[in-house]
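A short worksheet on the structure shown next.
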Protein chains: 2
Amino acid sequence: MNGVGATKRLADTTLISQAVQSRLKSDILDGQFTPGSKLGTAMLQERYDSSVGTLREALSHLLSEGLVEMSAGRGYRVAPVSRADLLDVSALYIELEERAVVDSVRHGDAEWETEIVASFHRLSRIEALPREERIRRSSEWLACHRAFHLALVAACRSRWVLRVRAGLYDHMERYRLISQKHRPLSIHKRREHELLRDAALGRQAEEVGTLLRRHLAETTDTVLRYAPQFMPEPGEPGSD
Amino acid sequence: MNGVGATKRLADTTLISQAVQSRLKSDILDGQFTPGSKLGTAMLQERYDSSVGTLREALSHLLSEGLVEMSAGRGYRVAPVSRADLLDVSALYIELEERAVVDSVRHGDAEWETEIVASFHRLSRIEALPREERIRRSSEWLACHRAFHLALVAACRSRWVLRVRAGLYDHMERYRLISQKHRPLSIHKRREHELLRDAALGRQAEEVGTLLRRHLAETTDTVLRYAPQFMPEPGEPGSD
DNA sequence: TCTTCTTTGACTTTCGAAAGTTGAGGGGCC
DNA sequence: GGCCCCTCAACTTTCGAAAGTCAAAGAAGA
């Protein structure tokens with residue numbers, strides 16, 4: 001059965017093309033593909049077990065998220081990374097995240113509070129695990145960390161700020177993961193997350209904004225410091 | 001010839017899928033499709049004379065730009081419009097545009113200046129035409145107006161600010177065009193554009209930023225005032 | 001007459017093959 | 001020996017048909 005295929009579903013209500021897109025995105029963020037490397041259809045077809053058309057649709061979507069690049073007639077490549085791009089992404093991301101969280105704290109309801117408490121708890125549980133276990137389940141940590149930060153800003157009333165922020169989060173995560181390969185192990189900022197949670201629940205909007213800005217700026221600094229390819233070049237000015 | 005088709009090109013180095021995407025986008029911005037209406041493949045196939053796969057690729061791209069929406073298994077629809085969405089898009093767009101132009105004025109070079117002068121001139125030429133002619137060539141006016149505003153911010157060093165701004169510009173243009181159907185004729189702001197040009201060439205960064213912010217805010221006000229569907233609803237607060 | 005089940009038709013989604021393009025390597029010419 | 005052209009294989013891009021799904025219309029029962 002299912003000879004030529006059509007609308008076959010994997011899990012719940014996800015389409016194949018969405019599943020492929022999601023997996024491909026994870027693999028790019030994860031550093032499974034070297035930045036700048038070619039994404040040939042033959043290779044992808046084998047890796048994700050789907051047809052050219054489906055792959056193309058996924059790639060097309062990732063293209064406008066900025067995770068892959070395309071040149072007409074020459075196929076797709078993984079978007080390159082650079083120190084300049086990291087600084088650029090980071091600056092805009094921090095600004096939008098701060099703006100979103102301030103609005104979110106001011107307008108969040110009871111359900112919003114609950115989700116913050118819940119997602120923080122989930123994150124803590126994973127971070128409390130023994131080192132070995134934590135490494136094995138690192139993708140789970142990623143999801144929880146993402147969920148916690150999303151919960152903080154979830155009540156922001158601007159759909160557009162949230163949308164753009166979401167795209168930038170992906171790029172930030174990619175940089176974090178790339179740099180993580182050159183570090184001992186991620187320095188989990190349990191204490192900072194806790195402060196964020198408490199200030200959010202205490203409705204101290206400005207305070208949360210400041211904490212978050214500092215939290216993110218430190219993250220970017222860490223990435224810059226540990227990944228050799230993001231070291232400032234001799235001739236270039238740092239960030240001025 | 002060209003029986004089953006493959007990589008056939010239209011103009012220069014444009015792919016069919018890009019051409020279709022571009023035309024579809026224009027038609028959506030233009031209001032050729034009612035917001036919220038269905039984008040069935042059969043209809044699109046006839047309209048743009050291309051295959052399902054190609055259309056799907058174009059739609060997929062427009063999906064992540066936010067111009068169309070998709071529900072799994074039920075196809076694509078034109079993204080709806082609303083007063084709330086307009087206010088949201090507008091607020092973020094104005095902020096990014098101002099930020100971009102300030103940085104642009106501070107770092108633009110000679111070539112940047114030239115492009116501003118040139119694009120302003122092109123825009124003026126069209127606006128100086130007799131009414132009839134201007135209406136007939138309204139798509140040309142759109143392109144020139146877009147080019148002028150792009151020229152102003154082109155020297156902004158943040159690729160990401162420019163990228164996000166570009167997406168938001170499309171949505172703003174859509175709202176402008178929708179409201180234009182309910183107005184006598186677009187009130188061209190020749191004088192304001194001239195002031196923008198001169199302040200930019202005079203390198204008065206803050207001044208340009210303020211002018212631009214006001215210019216855009218007025219545009220949004222005009223859209224809100226003239227399109228009946230964007231009037232504030234009785235029970236709802238305006239924008240607080 | 002209203003509800004529910006069934007059937008059917010239109011539609012979305014997926015696939016694999018066909019057509020055309022790119023760029024590299026080998027052979028010929030200056 | 002170096003440069004240019006031609007050929008060819010690998011690849012991208014496009015297409016149309018096949019498989020599966022959704023929802024509306026019609027029929028049967030209460």
Side-chain angles (χ1 to χ4, degrees), chain A residues 1-25 28 33-34 36-64 67-79, chain B residues 1-25 28 33-34 36-64 67-79:
Chain A
M1 68 185 67
N2 207 325
V4 159
T7 324
K8 67 181 164 191
R9 300 205 165 160
L10 291 194
D12 278 33
T13 54
T14 358
L15 298 163
I16 276 211
S17 62
Q18 287 178 346
V20 168
Q21 184 189 315
S22 170
R23 282 207 286 156
L24 181 52
K25 182 166 160 179
I28 289 175
F33 302 108
T34 314
S37 65
K38 193 155 173 28
L39 291 171
T41 45
M43 181 264 285
L44 293 176
Q45 238 171 309
E46 177 154 11
R47 201 180 213 277
Y48 299 109
D49 187 35
S50 63
S51 75
V52 194
T54 309
L55 256 325
R56 214 137 213 293
E57 206 172 308
L59 284 167
S60 169
H61 206 150
L62 261 37
L63 177 64
S64 43
L67 286 170
V68 307
E69 293 185 344
M70 176 190 129
S71 40
R74 292 172 49 180
Y76 293 86
R77 316 186 77 82
V78 180
Chain B
M1 68 184 68
N2 206 325
V4 159
T7 323
K8 66 182 167 191
R9 300 206 161 162
L10 292 193
D12 278 34
T13 55
T14 357
L15 267 47
I16 276 210
S17 62
Q18 286 179 345
V20 168
Q21 184 190 317
S22 169
R23 283 206 288 155
L24 182 51
K25 181 165 162 180
I28 290 175
F33 302 108
T34 315
S37 65
K38 191 154 175 30
L39 292 171
T41 45
M43 180 264 286
L44 294 175
Q45 238 171 310
E46 177 153 13
R47 201 181 212 277
Y48 299 108
D49 188 34
S50 62
S51 75
V52 195
T54 309
L55 282 184
R56 213 135 213 294
E57 206 172 309
L59 284 167
S60 170
H61 206 154
L62 261 37
L63 176 65
S64 44
L67 287 169
V68 307
E69 293 184 345
M70 174 190 131
S71 40
R74 292 172 52 182
Y76 292 86
R77 314 186 78 81
V78 180

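Letters go in sequence order (proteins before strands), and every chain restarts at 1.
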task: Please test A:V68 against A:L24 for side chain to side chain contact (heavy atoms under 4.5 Å, CB included), starting from the C-alpha separation and ending with a verdict.
output: CA-CA 10 Å; A:V68 307; A:L24 181 52; 5.8 Å; no
- request: Quick one: do B:L15 and B:E57 satisfy side chain to side chain contact (heavy atoms under 4.5 Å, CB included)? Show the steps, please.
  value: CA-CA 12 Å; B:L15 267 47; B:E57 206 172 309; over 6 Å; no
Evaluation steps, side chain to side chain contact (heavy atoms under 4.5 Å, CB included), between B:T34 and B:V78: CA-CA 7 Å; B:T34 315; B:V78 180; over 6 Å; no
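With values rounded to the nearest 0.5 angstrom, B:L62 atom CG is found 11.0 Å from B:L55 atom CG. Note: A:F33 CZ to A:L67 CG = 12.0 Å, rounded to the nearest 0.5 Å.
When rounded to the nearest whole Å, the span between CD1 of A:I16 and P of C:dT14 equals 6 Å. Rounded to an integer number of Å, the gap from CZ of A:R56 to C1' of C:dG16 is 15 Å. For the pair B:M70 CE and C:dT12 P, the computed distance is 11 Å after rounding to whole Å. Taking atom NE2 of A:H61 as the reference point, atom P of C:dT13 lies 13 Å away to the nearest angstrom. A straight line from CG of A:D49 to P of C:dG16 spans 9 Å, rounded to a whole angstrom. Rounded to an integer number of Å, the gap from B:L15 CG to D:dC15 P is 11 Å. One interatomic measurement links the two molecules: CD of B:Q45 to P of D:dC15, which rounds to 9 Å at whole-angstrom precision. Atom CG of A:L55 and atom P of C:dT14 are 12 Å apart (whole Å).
At the phosphate of D:dT13, neither OP1 nor OP2 sits under 4.0 Å from any side-chain N or O atom of B:S17. Distances shown here put a side-chain N or O of A:T54 below 4.0 Å from the OP1 or OP2 atom of C:dC15. Considering only side-chain N and O atoms, A:R74 lies nowhere under 4.0 angstrom from the phosphate OP1 or OP2 of C:dT21.
The B:S51 side chain lies nearest to D:dG16 when the options are D:dG16, C:dT14, D:dT12. Closest to the B:K38 side chain, of the nucleotides D:dG16, C:dT12, C:dA17, is C:dT12. The side chain of B:T41 lies closest to C:dT13, out of C:dT14, C:dT13, D:dT14.
Projected onto DNA chain D by closest heavy-atom contact, B:E57 and B:V52 fall at different nucleotides, the more 5' of which corresponds to B:E57.
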